[in-house]
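Worksheet: one structure, shown below.
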Amino acid sequence: QVHVRESGGGLVQAGNSLRLSCTASGRTFSSLDIGWFRQAPGKEREFVAGISWGGDSQAYGDPVKGRFSISRDNAKNTVYLQMNSLKPEDTAVYYCAATNSRIVLSIRPNYDYWGQGTQVTVSS
């Protein structure tokens with residue numbers, strides 16, 4: 001069993017930045033593919049960004065390309081989601097997900113383990 005936990009959410013004004021962190025325990029962290037998803041009220045959960053176990057492969061959802069950046073520090077068992085130029089439409093609960101299978105990062109059902117989510121609110 002892998003336990004996933006997100007942190008770093010909060011309230012921020014449009015145009016500003018925020019960094020989310022994701023940690024996972026229960027498996028060797030460096031063997032996990034990690035993804036970020038988000039869900040706004042009344043909407044489907046959508047892919048935000050993903051990174052492969054070694055960090056050499058990354059993927060981004062179209063709404064965040066050029067603004068968000070995903071990275072990992074396996075020595076700290078942490079994946080980061082740097083969110084710049086935030087917009088009100090980025091407001092959502094952000095979820096971190098993990099799997100120890102080699103996957104297509106953008107496909108939600110590919111992930112086996114999910115965190116509880118962290119709220120990000122962007123005010124206009």
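Quick note: residue numbers are just sequence positions, from 1.
If you check the side chains of Asn84 and Ser17, you find a donor sitting under 3.5 Å from an acceptor. In this structure, a donor-acceptor pair under 3.5 Å is present between the side chains of Arg38 and Tyr94. No hydrogens or angles considered: a donor-acceptor pair under 3.5 Å links the side chains of Gln58 and Tyr60.
Environment of CZ in Arg5: sparse, with no more than 12 heavy atoms of neighbouring residues, nucleotides or ligands closer than 6.0 Å.
In this structure, Arg45 satisfies the cation-pi test against Trp114, with its NZ or CZ atom closer than 6.0 Å to the six-membered ring centre and inside 45 degrees of the ring normal.
Results of the side-chain contact (heavy atoms from CB on, under 4.5 Å) test with Ile51 over Leu81, Asp33, Asp56, Ile34 single out Ile34 as the only residue that passes.
Here the closest heavy-atom approach between residue Val93 and residue Gly117 is recorded as CG1-CA, 3.8 Å.
In this structure the side chain of His3 never reaches within 4.5 angstrom of the side chain of Tyr113, judged on heavy atoms. The side-chain heavy atoms of Val79 and Phe29, taken from C-beta on, include a pair separated by under 4.5 Å. Counting only heavy atoms from C-beta outward, the side chains of Val4 and Thr23 never approach each other to under 4.5 Å. You'll find the side chain of Asp73 reaches within 4.5 Å of the side chain of Tyr80, heavy atoms only.
Between Glu46 atom CD and Ser106 atom OG the span is 12.0 Å, to the nearest 0.5 Å. Between the OG atom in Ser52 and the CD1 atom in Ile103 there is a gap of 10.0 Å [rounded to 0.5 Å].
Put simply, the side chain of Thr91 gets close to the backbone of Val122: a donor and an acceptor are under 3.5 Å apart. With hydrogens and angles disregarded, no donor-acceptor distance shorter than 3.5 Å links the side chain of Ser101 to the backbone of Thr99. With hydrogens and angles disregarded, a donor-acceptor distance shorter than 3.5 Å links the side chain of Glu6 to the backbone of Cys96.
Annotation: ring-ring contact (aromatic ring centres under 6.0 Å, His included) contacts of Tyr111 (sequence neighbours excluded): Phe37.
Looking at Lys65 and Asp62, a side-chain N of the basic residue comes within less than 4.0 Å of a carboxylate O on the acidic one, giving a salt bridge.
Listed by first then second residue, pairs satisfying salt bridge (charged side-chain N to carboxylate O under 4.0 Å, His left out) with a partner in residues 105-124 number zero, not counting sequence neighbours.
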